[in-house]
Amino acid sequence: MDTDYPMLNESFYTRNEVVRVAKDLLGKVLVTNVDGVISAGKIVETEAYSYLERACHAYMNRNTNRTQVLFERGGTAYVYLCYGIHRLFNVVTNVAGIAEAVLIRGVEPLDNIEAMTRRRALKKKNYSLTSGPGKLTQALGIKMEHNREWLLNKKVWIEDRGYVIAGDEIRESARIGVAYAKEDALLPWRFFLRENPWVSKGFNNYNL
DNA sequence: GCAATGATTTACT
DNA sequence: GTAAATCATTGCC
C-alpha cells in the first residue's frame with residue numbers, strides 16, 4: 001500500500017533553520033503505515049526546539065540515551081514518553097551532530113478516520129481526535145518503536161499534497177508547557193493555522 | 001539506589 | 001477550575 005503524493009526529501013529536513021522547517025511543515029501531511037493500515041492527517045500545529053535553548057532535551061548538547069537521536073541527521077523520528085502516558089512525535093532537523101527538532105502538536109484527520117477513531121477509543125469523530133501532541137500519536141498509531149525511524153522508510157513519513165498555506169494563515173506564540181525553560185519559554189517558536197479547530201486546546205491561543 | 005519531574009490528557013468537582 | 005494517571009529519564013547521594 002502507498003499513497004500517490006511526493007514525500008518530503010532529506011534536504012527539507014536537513015536545513016540549518018529549525019524555525020523555518022517548523023513553519024514549512026504546516027499544511028504538510030503526516031502519514032503512518034502501521035501493520036498495513038495507512039492513516040494520515042494535515043499538520044496544523046508545530047513547535048521548534050534547538051540545543052541552543054533551555055526547553056530542548058538536548059540543551060547545551062546534553063547527550064544521553066534519550067537525547068542521542070536528536071543528533072541524528074534531519075529526517076529521523078524522535079518519539080518519547082511524556083508524563084508516563086503519552087508519546088510525543090518530533091522530526092529531527094539539521095545535519096547530523098546538530099540537535100534540533102520540530103514537535104508535531106496537532107493534525108487535521110484526512111485518511112482512514114475510522115482507524116484513528118478506533119485507536120483513540122472514541123464513539124465518533126470529534127475535535128478531540130487529533131488536536132494535541134499525545135492525541136495525534138495515539139490516533140495515527142505512533143509508538144515508541146517508531147523512535148529513530150528514518151522518515152523516508154514509509155513507516156512514518158510526511159508528504160506534500162499541495163496544500164498552500166498563505167503567510168497570513170500562520171499564527172505564532174510561545175511554546176506550551178515549557179515554563180521551566182525560563183526566558184527561553186518566551187521564544188515565539190510555536191506555529192499554528194489560524195482558526196483551525198484541530199489546533200490543541202485548553203491552552204491560551206493568543207495571537208489569534 | 002532513590003526521589004523528582006515532566007514538550008499531556010482526562011475526569012472529576 | 002483542580003487533580004489524578006503513570007513511568008522513563010535524569011540527577012544526585
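Letters go in sequence order (proteins before strands), and every chain restarts at 1. These numbers come from the heavy atoms of this one structure, side chains and all, not from hydrogens, waters or symmetry mates.
- Between Lys28(A) and Asp24(A) there is no salt bridge, since none of the side-chain N atoms of the basic residue sits less than 4.0 Å from a carboxylate O of the acidic one.
- As rounded to whole Å, 11 Å separates atom C1' of dC7(C) from atom CE of Met144(A).
- The hydrophobic clustering, which links ILVMFWY residues whose side-chain heavy atoms are closer than 4.5 Å, places Leu136(A) and Val34(A) apart.
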Using a cut-off of under 3.5 Å, enumerate the N/O to N/O pairs linking the protein to nucleotides 5-7 of chain B.
{"from": "dA7(B)", "atom 1": "OP1", "to": "His57(A)", "atom 2": "NE2", "distance (Å)": "3.0"}
{"from": "dA7(B)", "atom 1": "OP2", "to": "Tyr180(A)", "atom 2": "OH", "distance (Å)": "2.4"}
{"from": "dA7(B)", "atom 1": "N9", "to": "Tyr80(A)", "atom 2": "OH", "distance (Å)": "3.2"}
{"from": "dA7(B)", "atom 1": "N7", "to": "His57(A)", "atom 2": "NE2", "distance (Å)": "2.9"}
{"from": "dA7(B)", "atom 1": "N1", "to": "Asn90(A)", "atom 2": "OD1", "distance (Å)": "2.5"}

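- Cation-pi geometry between Arg87(A) and Phe89(A) is not met: the NZ or CZ atom fails to fall both under 6.0 Å from the ring centre and inside 45° of the normal.
- Comparing Thr67(A) and His86(A), the nucleotide of DNA chain C nearest to each residue sits closer to the 5' end for His86(A).
- Proximity of a side-chain donor or acceptor of Lys124(A) to a complementary backbone N or O of Leu122(A) within less than 3.5 Å is not detected.
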Watson-Crick and G-U pairing of DNA chain C written in dot-bracket, each distance under 3.5 angstrom, with | for inter-strand partners:
|||||.||||||.

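- A side-chain donor-acceptor contact under 3.5 Å links Asp184(A) to the backbone of Arg54(A).
- Within the 4.5 Å cutoff, side-chain heavy atoms of Ile38(A) are placed close to those of Val31(A).
- Contacts of Arg62(A) with the nucleic acid, taken as non-hydrogen atoms under 4.0 Å apart, involve only primed sugar atoms and P, OP1 or OP2.
- With ring centers used as reference points, His57(A) lies under 6.0 Å from Tyr80(A).
- Using a 4.5 Å cut-off between side-chain heavy atoms of Ile, Leu, Val, Met, Phe, Trp and Tyr, with links allowed through other members, Phe71(A) and Tyr59(A) fall into different hydrophobic clusters.
- Spacing between atom CZ of Arg87(A) and atom P of dA5(C) amounts to 18 Å, rounded to whole angstrom units.
- The distance from atom CG of Asn126(A) to atom C1' of dT10(B) is 13 Å, rounded to the nearest whole Å.
- Distance Gln68(A) CD to dT9(C) C1': 13 Å, rounded to the nearest Å.
- Ser128(A) comes within 4.0 angstrom of no nucleic acid atom, judged by non-hydrogen atoms across all strands.
- Put simply, Thr64(A) has no side-chain N or O that comes within less than 4.0 Å of OP1 or OP2 on dT9(C).
- Remark on DNA chain C: of its neighbouring residues Ile85(A) and Asn65(A), the 5'-side contact belongs to Ile85(A), judged by nearest-heavy-atom nucleotide.
- Salt bridge annotation for Arg171(A)-Glu195(A): absent, with no cationic side-chain nitrogen under 4.0 angstrom from a carboxylate oxygen.
- Among the protein residues, Arg120(A) comes within range of the sugar-phosphate backbone only, with heavy atoms under 4.0 Å from sugar or phosphate atoms but none that close to a base.
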